[in-house]
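Below, read A as the first sequence line, B as the second, and so on, with proteins coming before strands; counting in each chain starts at 1. Computed from a predicted structure; not experimentally measured.
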2 protein chains.
Amino acid sequence: MENSKGHTILLVDDEPDILEFLSYNIRKEGYKVFTANNGEEGVKLTQQLSPSLILLDVMMPKMDGIETCQIIRKDLNITQPIIAFLTSRAEDYAQIAGFEAGADDYISKPIRPRLLLSKIESLLRRLDKSHGVVIDSDINSLKIDREKFLIEISGKQIILPKKEFELLELLASRPGKVFNREQILSIVWGNETIVGERTIDVHIRKLREKLGDEYIRTIKGVGYTFNEK
Amino acid sequence: MENSKGHTILLVDDEPDILEFLSYNIRKEGYKVFTANNGEEGVKLTQQLSPSLILLDVMMPKMDGIETCQIIRKDLNITQPIIAFLTSRAEDYAQIAGFEAGADDYISKPIRPRLLLSKIESLLRRLDKSHGVVIDSDINSLKIDREKFLIEISGKQIILPKKEFELLELLASRPGKVFNREQILSIVWGNETIVGERTIDVHIRKLREKLGDEYIRTIKGVGYTFNEK
DNA sequence: GTTTTCCATGATAAAATTATAAAAAAGGCT
DNA sequence: AGCCTTTTTTATAATTTTATCATGGAAAAC
């Protein structure tokens, strides 16, 4: 298994000097580094490389970082890579817009190599940890592999659509804990999106159809829970 | 001034801008707000302030939110404050680990002030209702698990409907204290709702059916109490 | 000892909540 | 464009929870 340093990092900035400075420092730590001079190139490379992390300059001519981020997240619907913005203090107004576009973090200029690297490590640590959920018990065994978007239930492998997968993953992450609808909505759907009252039910039903009824239990008036035993 | 707004809230985020944005909005509502720039500081302030609520950014350099949460909950064994994570949608892989670390809820970015405040209120309301009750004595042992919405009575686990659960939780929160009908109504049912005279009796009866008669005692003309021993 | 008040109980009605099916809408893919 | 999949909405059924009511009995007041 690749270690934490085996990740691919994509840098997008219109300043060649900054690109060089960053790539030198990051590459030194053992990461695979690729660079793009503008947003378009950044998008293209993202599709080709599927990097673990994208460092994106906010201020760029033509297509700025926020647009680029939006295209990657919303248009291409690529959620795997972590996207962090490079921004100078004066640009902090961009932060709110940035998060809405799907940014994970901000790194403000001037950039200190030490701090940058520790941020990169912390951002990537999450990725490494998140290889899946495994639940084992007497009656049911469930493996959730979020890299392959695949679950294995007592030997059978099932591919679930995104929403169903995320919903199951959430519930199974804490068997026994009751998640109420509000929590489910804000975590699986996000605070931005507004969906109707019965949407969760339908996804629960589809999960039950595919997994069997014994996994997810309804606590009426409260929420849903993944059965412990 | 000791209304529901008298609570202390601790914000932990490495981005000064976000800290300012959040603290401004929360402070405006009358809460006491403190801030920390990193996990270590967050832990330290938690020990000193014992805040009611901690809003913790997931992504932070060096020590991230999940580690911070873990230290507070597992190492220091501090269970009082409610811990909610601030996270962006794209970080959903982190959310799984978060609940295991002892998080109570997630608030996903982008954060809209209105929604944030209503979430804060609902989280604090939970605190007032006690986070979990354990009663141990010679005759009876009772565990009330709010997270799992489940009670355990001398080994047996029982799932109670919402109202019954809340009624039991109230009575058991202060064994020996006699709650009169007015108090019970205003806490379990809320001041707005008006229900008939005999409603409480019926719920008490159902609880006694499920738990046994020895737990809840009637004080005629006054109210009900949870038996101490 | 009788009256009065208050609560317990079971049956029943009402309300709230969720399940289900089917269709529409929104994306994806070739 | 056309076809397939996923997601959301809508409408209705089923279920569970909650509230009400009527009755009888026990305790308290007289």
Side-chain angles (χ1 to χ4, degrees), chain A residues 47 70-79 149-151 158-171 178-185 187-190 192-226, chain B residues 89 92 149-151 158-171 178-182 184-190 192-225:
Chain A
Q47 292 177 287
Q70 233 155 16
I71 288 173
I72 292 171
R73 287 277 200 251
K74 305 227 163 97
D75 296 357
L76 303 179
N77 197 31
I78 296 177
T79 57
F149 253 66
L150 183 139
I151 71 157
I158 308 175
I159 296 172
L160 293 178
K162 197 170 151 205
K163 277 278 179 320
E164 285 169 41
F165 183 90
E166 289 178 346
L167 177 54
L168 176 65
E169 191 185 25
L170 173 65
L171 294 178
V178 180
F179 291 89
N180 64 39
R181 282 156 187 276
E182 204 188 350
Q183 290 175 325
I184 293 174
L185 278 182
I187 293 172
V188 176
W189 274 263
E192 315 97 278
T193 50
I194 298 158
V195 291
E197 271 294 299
R198 303 262 63 75
T199 303
I200 293 175
D201 309 33
V202 176
H203 286 272
I204 290 283
R205 180 180 139 257
K206 292 196 168 166
L207 279 176
R208 292 211 256 237
E209 264 174 15
K210 290 172 187 171
L211 308 182
D213 286 348
E214 65 270 31
Y215 290 93
I216 299 169
R217 193 181 37 182
T218 305
I219 313 289
K220 215 159 178 170
V222 188
Y224 295 94
T225 182
F226 192 88
Chain B
R89 273 290 291 115
D92 47 353
F149 216 84
L150 181 138
I151 72 156
I158 307 175
I159 295 171
L160 294 178
K162 203 167 142 201
K163 277 279 185 306
E164 286 170 39
F165 185 91
E166 288 176 347
L167 176 55
L168 177 64
E169 194 184 21
L170 173 66
L171 294 177
V178 181
F179 291 89
N180 65 38
R181 283 154 187 280
E182 205 186 346
I184 293 174
L185 278 182
S186 89
I187 294 173
V188 176
W189 274 262
E192 305 87 51
T193 50
I194 300 157
V195 292
E197 270 296 300
R198 303 263 62 75
T199 302
I200 293 174
D201 311 28
V202 176
H203 282 89
I204 291 284
R205 184 191 124 245
K206 290 193 170 169
L207 278 176
R208 292 212 257 238
E209 260 175 18
K210 290 171 188 170
L211 309 182
D213 287 347
E214 65 270 30
Y215 290 93
I216 299 167
R217 193 175 30 158
T218 305
I219 313 290
K220 236 176 162 153
V222 189
Y224 297 93
T225 181

From [options], pick the nucleotide closest to the side chain of [X]?
X        : options               : answer
A:Asp201 : C:dC7, C:dT20, D:dT8  : C:dT20
A:Val202 : D:dT9, C:dT18, D:dT20 : D:dT9
B:Arg208 : D:dA19, C:dA8, C:dA19 : C:dA8

Whole Å only: how far is the [atom1] atom of [X] from the [atom2] atom of [N]?
X        : N      : atom1 : atom2 : value
B:Ile204 : D:dA19 : CD1   : P     : 13 Å
A:Asn180 : C:dA16 : CG    : C1'   : 17 Å
A:His203 : D:dT6  : NE2   : P     : 11 Å
A:Ile219 : C:dA19 : CD1   : C1'   : 16 Å
B:Lys220 : C:dA8  : NZ    : P     : 7 Å
A:Lys210 : D:dT5  : NZ    : P     : 11 Å
B:Leu207 : D:dT17 : CG    : C1'   : 13 Å
A:Trp189 : C:dA26 : CH2   : P     : 17 Å

* To do: Have a look at B:Leu207 and tell me which of B:Asp213, B:Leu168, B:Val202 forms a side chain to side chain contact (heavy atoms under 4.5 Å, CB included) with it.
  => B:Leu168
* Does a distance-only test, which skips hydrogens and angles, find a donor-acceptor pair under 3.5 Å between the side chain of B:Lys163 and the base of D:dT18? -> no
* Under-3.5 Å donor-acceptor pair between A:Lys162 side chain and D:dT7 base ->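 Check fails, no donor-acceptor contact within cut-off.
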[X] side-chain N/O to [N] phosphate OP1/OP2 under 4.0 Å:
X        : N      : value
B:Thr218 : C:dC6  : no
A:Arg181 : C:dT18 : yes
A:Arg198 : C:dA19 : no
A:Arg205 : C:dA21 : yes
A:Tyr224 : C:dT17 : no

* Relative to the 5' end of DNA chain D, which residue comes earlier, A:Pro161 or A:Gly221, by the nucleotide with the nearest heavy atom? ->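 The answer here is A:Pro161.
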* Do A:Glu214 and A:Arg208 meet the salt-bridge criterion of a basic N to acidic O distance under 4.0 Å? ->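 Not counted as a salt bridge, because no side-chain N and carboxylate O are separated by less than 4.0 Å.
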* **Note: B:Glu166-B:Lys162 ion pair, threshold 4.0 Å (strictly below)** =>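 The answer is no: the pair does not qualify as a salt bridge.
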* To do: Find out whether A:Phe226 and A:Arg217 are in side-chain contact, i.e. whether some heavy atom of one side chain is under 4.5 Å from a heavy atom of the other.
  =>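 Result no, sub-4.5 Å side-chain heavy-atom pair not found.
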* Parallel, tilted or perpendicular: which describes the rings of B:Phe149 and B:Phe165, with under 30° parallel and over 60° perpendicular? -> parallel
